[in-house]
Amino acid sequence: MRISRTHLTRGGLAALSGLLAGCAALAVAELVSTAVRPEAGPVTAVGGAAIDRTPAPVKDWAIRSFGESDKLVLQLGILATLCVLALALGAVALRHRRTGAAGVLLLGAVGAAAATGRPDSTGLADGLPSLAGGVAGAAALYVLIGRLTRPRRTAARDDEGGWDRRGGLIAATAAAAASGGAGMLGRTVNSRRGQGAVASRAGVLLPRPASPAAPVPPGARLRVPGISSFTTPSSTFYRVDTALVVPRVNAGTWRLRIHGKGVRRPVTVTFQDLLERELTERDITLTCVSNEVGGPYVGNARWIGVRLADLLREAGVKPPSRGGPADQLVARSVDGMTLGTPVEDVMDGRDAMLAVGMNGEPLPFVHGFPVRMIVPGLYGYVSACKWIEDIELTTFDDYDPYWVKREWAREAPVKTQSRIDTPKPFARPTAGTVMVAGVAWAQRRGVERVDVRVDDGPWQPADLAAQATVDTWRQWSFPWKATPGGHTLTVRATDRTGAVQTEKRTRTIPDGADGWHSVVVTVD
């Protein structure tokens with residue numbers, strides 16, 4: 001059976017009609033989200049639902065493979081999938097017009113279900129953008145396909161019955177223009193909604209801390225090219241979270257509530273309340289549990305905030321060791337994330353804080369402005385809640401937070417680890433003295449020793465920079481007499497309890513990776 005050029009042209013135009021209808025749906029959804037909230041948009045909602053339902057091993061693979069671009073990859077993947085579905089629905093609509101339109105409506109319903117089912121959902125209103133987009137997209141597809149199936153009202157017709165080319169072109173142009181206009185308007189309005197939060201951050205003047213950080217000791221910063229700096233700049237500090245849209249919270253309207261088991265006096269504090277309290281400043285290294293051996297998801301910054309233990313005591317909270325009924329503190333973020341932290345660890349004297357500043361400035365939005373939680377010595381998924389707005393005292397038996405429901409451990413102290421920063425893997429240094437250097441960390445214990453091994457030779461002690469505190473990483477260096485050929489360099493650390501970093505490699509799930517870091521180089 002011969003397929004005419006007219007059939008091929010109509011099929012292509014039908015697919016294009018589906019794509020235009022999909023664009024119209026997304027544009028209208030974006031516009032309607034301005035009346036609800038940006039997070040209710042279909043791409044964000046579906047992406048968030050996908051993250052929630054992704055198995056932990058797959059999520060861990062995405063972080064390893066794409067790093068901090070994992071969210072961009074997910075969003076692009078969602079858009080690509082929607083494009084394919086829209087093209088297919090356009091082709092279906094050419095033969096079954098109502099079925100194609102119904103398919104677009106179904107996609108809108110899926111987006112609405114994803115939006116209302118998210119942990120941070122504010123209710124049924126979150127489903128309105130996707131539903132409105134689905135209706136608009138279905139209507140656009142129905143009209144556009146109608147132009148392809150409607151005969152021209154002229155004496156001369158194309159073969160196979162003809163269609164209204166001029167009317168189709170006008171309808172397609174109108175749909176594209178309307179979609180572009182609605183999308184641009186929606187994005188403009190949504191971006192302006194965050195201007196109040198931006199202005200509130202710009203107006204923050206951090207007070208001098210009542211308890212300033214001790215000066216970084218002489219010798220804590222090694223001058224070795226390629227080594228990680230002692231203080232990680234805020235702009236390059238790692239970011240691992242599930243937020244597809246970074247929350248922009250206005251400091252003027254922000255509130256934090258403390259309540260739950262063992263809370264005699266529920267507390268609600270504002271951002272200004274925190275600034276007027278005694279502030280503590282400390283250098284603290286944070287580590288993500290998704291950090292592979294030798295990975296980049298660790299950084300050291302100077303944080304300023306209010307001691308969390310003081311706030312809990314004001315609320316009447318006692319740690320379990322002193323008879324308190326709650327052994328878990330559940331922190332909730334504005335994006336619906338929940339993190340569970342041992343109450344004992346928060347109140348044992350370490351510098352657990354509600355941080356308001358990072359490296360001398362208000363927190364960047366991507367790192368939790370206006371307030372985030374920090375508990376030294378614990379992996380971030382159980383301690384470092386960003387954009388925090390609620391603290392509930394409960395028990396580990398009564399409640400499983402977000403990551404625990406996804407197979408991660410309830411309690412997660414940071415493991416002793418070390419990393420070679422220079423030379424990089426597959427580097428080609430010149431024979432002679434080559435400086436091998438990097439960082440090691442064992443928060444709450446401190447690093448006592450770092451050893452380096454060349455190939456299968458003996459372990460040799462590295463030179464250690466001064467240890468700032470037990471909560472910060474420690475730089476190290478090793479002058480290697482490099483000889484020509486291929487070599488494997490390996491590092492291990494020993495903490496101040498005498499525990500030596502284990503050789504056996506383990507996955508990051510369920511409580512952090514283990515193993516020695518090695519790099520392979522070729523000496524010329």
For the [atom1] atom of [X] and the [atom2] atom of [Y], what is their distance to the nearest 0.5 Å?
X	Y	atom1	atom2	answer
Q328	D398	CD	CG	9.0 Å
S130	L26	OG	CG	9.0 Å
R302	T231	CZ	OG1	6.5 Å
W441	N291	CH2	CG	5.5 Å
R255	T253	CZ	OG1	7.0 Å
D511	R410	CG	CZ	14.0 Å

Within the distance-only criterion (no hydrogens, no angle test), does the side chain of [X] pair as donor or acceptor with the backbone N or O of [Y] below 3.5 angstrom?
X	Y	value
T338	Y402	yes
D421	S228	yes
D327	F396	yes
R350	P376	yes

Of all residues at least two apart in sequence or in a different chain, which pass the side chain to side chain contact (heavy atoms under 4.5 Å, CB included) check with [X]?
X	answer
S17	L141, L144, I145, L148
L312	I258, L308, V317, L329, V346, M347, L393
A251	S200, F271, F369, P370

With N300, the side chain to side chain donor-acceptor pair (under 3.5 Å) member among T287, T232, T285, D471: T285
Return the set of residues passing ring pair (Phe, Tyr, Trp, His ring centres under 6.0 Å) with W303 (not counting sequence neighbours), or none when no residue passes. F237
Would you indicate whether the side-chain heavy atoms of [Y] and [X] approach each other to under 4.5 Å?
X	Y	answer
L274	L311	yes
V382	E411	no
I284	M353	yes
V204	L206	yes
P401	L339	no
L131	V135	no
N359	P233	no
R505	D514	no

Count the heavy atoms of every other residue, nucleotide or ligand shown that sit under 6.0 Å from CG of L124, and state whether that count exceeds 12.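 Open.
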Please name the pair of heavy atoms, one in [X] and one in [Y], separated by the smallest distance, quoted to 0.1 Å.
X	Y	result
L94	A14	CB-CB, 3.8 Å
P129	S33	CG-CA, 3.8 Å
W254	I388	NE1-O, 2.7 Å
R248	V198	NH1-CG2, 3.3 Å
V92	G100	CG1-N, 4.3 Å
K405	D400	CE-O, 2.9 Å

Working note: V298 + Q417, criterion side-chain contact (heavy atoms from CB on, under 4.5 Å); need CA distance, chi angles, decisive distance, verdict. CA-CA 11 Å; V298 56; Q417 286 283 297; over 6 Å; no
Does the ring of Y142 carry R98 above it, NZ/CZ under 6.0 angstrom from centre and within 45° of its axis?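 The answer is no, since R98 fails at least one limit relative to Y142.
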Give me each pair satisfying side-chain hydrogen bond (donor to acceptor under 3.5 Å, both in side chains) with a member in residues 374-383, each pair once, sequence neighbours excluded. none
Are K386 and D335 within salt-bridge range, i.e. N to O under 4.0 Å? no
One pair to check against side chain to side chain donor-acceptor pair (under 3.5 Å): T395 and D397. What are the steps and the verdict? CA-CA 5 Å; T395 66; D397 291 337; 5.4 Å; no
Distance only, no hydrogens: is a donor on one side chain within 3.5 Å (strictly under) of an acceptor on the other, for E361 and S234?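 Distance-only check fails for E361 and S234.
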Parallel, tilted or perpendicular: which fits the ring planes of W403 and W408, with parallel below 30° and perpendicular above 60°? perpendicular
Going by side-chain hydrogen bond (donor to acceptor under 3.5 Å, both in side chains), name the residues that satisfy it together with E281, two or more places apart in sequence or in a different chain. none
